[in-house]
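Each residue takes its place number in the sequence, starting with 1. What you see below is based on every heavy atom in this structure, not just the backbone, and it leaves out hydrogens, waters and symmetry mates.
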Amino acid sequence: MPPAPPRLLPPIPPTVRYVLACGLLALLFFSLSSLETTTPTAATVDAPLETVVPVPELDDRILALAKDATHEQRLVLEAEPLRHLLGKAIDVGPTIAAALGCPDAPVPVEQVRTRLARMRRQWLWYEGVLMQLSGPHAGHPIKGHSIYEATVQLADGEHVLAAFSLPPGDEVRAGSWVRIEGFLLKLRDTSYPQTIESAPMLVGRAIQPDFRDWPPVTAIDPALLATIEDASYLVGEKVWHTLEEDQTAALWHLAAFARDTATQRSLADWRRLPVLNATDVHQKLIDGTLPRGSPLRVFGTIVRRTTMAAPTNPAGIASWTVAWLQVRDYGGVLVPIWVPKRVRDLPLRAPLEVRGHFYRWFAYETVENERRRVPLFLAADLDVYQLEVDKTMKSVGLWVGGVACALLLLLFWSQRRTARQALEHSRDMDARRRRRREHTSAADANVQTSGES
């Protein structure tokens, strides 16, 4: 029988092999269970994500002069607090109004009365029928401006009073639907030309013609989008207009369409649509073969975000969010996304998968004074890009776990088979030794018997 080959390592007992196999399997399952979906982290950069908007600072000492505890006090409109707020509100546009915490919906008048101490000096807005308009009156704190006053009846029958600085347009007349906004000064009573009790008094910048809300927009109107003029690259043309300057029916229509149809396409349907990149889509945008309103996906990292209160519009849009995405597949340039709602809680440099609609071309200047012309998109929301690694890793874990269990069973079977063969070999060797001893004993007995004879 040939000798066994020399061992490189000492023999491992079966018990130790079982322990090592179980430890290896436990380590494998622990590694699979420790895998988690990657979440974006905020990168450290110089510029903050949310643009810091300076807001006017109010003088509480002056505003404390406005009294409304009694009917007699509510009949009086104190001049000094009024002048103070008129001067502060003259520069409040939609962006500053959003920074002041302008609510997305009008605060019920009854709620203003019951929470008056908390709501004083807040920026509020209402819409309704213009009942009375007066002015211009003298006494404005800024030279060249006058004071205008208005009384608006809301849809629920309540009234709101307002004082503002800019002269109303010709379309603003008694009986028209208007919007007023401003700082809440006090509650007021009037006895002429109509009796009003405890109505909120707002002090703002202007009164605006408003619109009755559209029904949900579920189809794109190509004729309306055809009114967009963005071919000229000259400064001052439509292509340079910011969101505040570009409040048109085409913008409201496409924004409402993106918002009202956001749930009609599933994520899987969206991911079958093209992606904004410099190789496939850019030339179609240049040639005009990609119609306005076409759905596209935009992958990028968000570098800046601004929120503004929406000016009057018939689409029922209360707030806007302007996001700037750095799109690597589009030459690394910044691409603007306009969202018809207030978007919060996005970390800086978060990877986004925006599901938007092409609106028009947009021009801007970089910090290096370079002019850029990029496509502008409207989207219902800003969605963080999800790799969906949970499903993938679950499938991988099931396969790896199954293979590991099969290997472990194979190892147990192999060890059991080896142990059984070793036991059989040991028994066979014992039997051989027994037969050899018996044979030797018998031979010795025969030799002894022959010697005696």
Worksheet item: Going through the checks in order, is the side chain to side chain contact (heavy atoms under 4.5 Å, CB included) test met by Leu58 and Leu85?
Response: CA-CA 8 Å; Leu58 305 181; Leu85 288 185; 3.9 Å; yes
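- Side-chain atoms of Glu368 and Thr366 form a donor-acceptor pair, as typed in the model, at a separation below 3.5 Å.
- The closest donor-acceptor contact from the side chain of Gln122 to the backbone of Arg118 lies under 3.5 Å.
- The minimum heavy-atom distance linking Ala310 with Ile317 is given by the pair CB-O, 3.1 Å.
- No donor-acceptor pair under 3.5 Å is formed between the side chain of Trp361 and the backbone N or O of Ser232.
- Remark: side-chain polar atoms of Arg265 are not paired, donor with acceptor, to backbone N or O of Ala262 under 3.5 angstrom.
- With hydrogens and angles disregarded, no donor-acceptor distance shorter than 3.5 Å links the side chain of Asp287 to the backbone of Thr289.
- Once rounded to the nearest 0.5 Å, the distance linking CG of Asp280 with CG of Leu285 reads 11.0 Å.
- At most 12 heavy atoms of other shown residues, nucleotides or ligands fall within 6.0 angstrom of atom CZ in Arg328.
- By the 4.0 Å N-to-carboxylate-O rule, Asp383 lies too far from Arg297 to be salt-bridged with it.
- Proximity of Leu116 to Met119: side-chain heavy atoms (C-beta onward) are nowhere separated by under 4.5 Å.
- For the pair Pro351/Phe299, no side-chain contact is recorded, criterion being any heavy-atom separation below 4.5 Å from C-beta on.
- Considering all non-hydrogen atoms of both residues, His159 and Thr151 come closest at CD2-CG2, 4.2 Å.
- For the pair Ile302 and Arg349, the minimum side-chain heavy-atom distance is 4.5 Å or more.
- Salt-bridge annotation for Arg83 and Glu80: absent, with no side-chain N of the basic residue lying under 4.0 Å from a carboxylate O of the acidic one.
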Fill in: Intermediate values then yes/no, salt bridge (Lys or Arg N to Asp or Glu O under 4.0 Å), Arg372 and Glu370
CA-CA 6 Å; Arg372 296 281 171 81; Glu370 297 179 357; 3.0 Å; yes
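- Between the side chain of Lys341 and the backbone N or O of Ser319 there is no donor-acceptor pair closer than 3.5 Å.
- No donor-acceptor pair closer than 3.5 Å links the side chain of Asp104 to the backbone N or O of Ala318.
- No donor-acceptor pair closer than 3.5 Å links the side chain of Asp269 to the backbone N or O of Leu267.
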Fill in: Check against ring pair (Phe, Tyr, Trp, His ring centres under 6.0 Å), Phe211 and Trp252
CA-CA 12 Å; Phe211 311 87; Trp252 303 329; 5.5 Å; yes
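- The line from CG of Asp91 to CD1 of Ile96 is 6.5 Å long, rounded to the nearest 0.5 Å.
- In summary, the side chains of Tyr330 and His282 do present a donor paired with an acceptor at a separation below 3.5 Å, with no hydrogens or angles considered.
- Note that the CE atom of Met201 and the CG atom of Leu124 stand 13.0 Å from one another [nearest 0.5 Å].
- Within the 4.5 Å cutoff, side-chain heavy atoms of Arg188 are placed close to those of Leu77.
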Discussion item. Go through it in stages, so that I can follow the logic: the residues are Trp125 and Ile180, the test is side chain to side chain contact (heavy atoms under 4.5 Å, CB included), and I'd like the CA-CA distance, side-chain angles, deciding distance and then a yes or no.
Written reply: CA-CA 6 Å; Trp125 68 276; Ile180 56 174; over 6 Å; no
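- A donor-acceptor pair shorter than 3.5 Å can be found between the side chains of Tyr359 and Asp246.
- Tyr148 OH to His140 NE2: the interatomic distance, rounded to the nearest 0.5 Å, is 9.5 Å.
- The residues Lys238 and Glu245 are annotated as not salt-bridged, no charged nitrogen and carboxylate oxygen being separated by less than 4.0 angstrom.
- With rounding to the nearest 0.5 Å, the separation of CG in Leu187 from OG in Ser198 is 5.5 Å.
- Under the 6.0 Å cut-off for aromatic ring centres, Phe362 and Trp324 qualify, their centroids lying closer than that.
- Residues Phe257 and His357 bring their aromatic ring centres within 6.0 Å.
- Every residue meeting the salt bridge (charged side-chain N to carboxylate O under 4.0 Å, His left out) condition with Asp60, not counting sequence neighbours, appears here in chain and number order: Arg121.
- Side-chain atoms of His137 and Ser146 form no donor-acceptor pair, as typed in the model, at a separation below 3.5 Å.
- Looking at Leu202, Val203, Ile90, Ile207 one by one, the single match for side-chain contact (heavy atoms from CB on, under 4.5 Å) with Phe164 turns out to be Ile207.
- The closest donor-acceptor contact from the side chain of Arg120 to the backbone of Phe183 lies at 3.5 Å or more, if one exists at all.
- Salt bridge annotation for Lys186-Glu78: present, with a cationic side-chain nitrogen under 4.0 angstrom from a carboxylate oxygen.
- Using modelled atom types and a 3.5 Å distance limit, the side chains of Thr95 and Glu244 yield a donor-acceptor pair.
- For the residue pair Gln208 and Glu181, a side-chain donor N or O sits within less than 3.5 Å of a side-chain acceptor on the partner.
- The CD atom of Glu149 sits 10.0 Å away from the CG atom of Leu133 when rounded to the nearest 0.5 Å.
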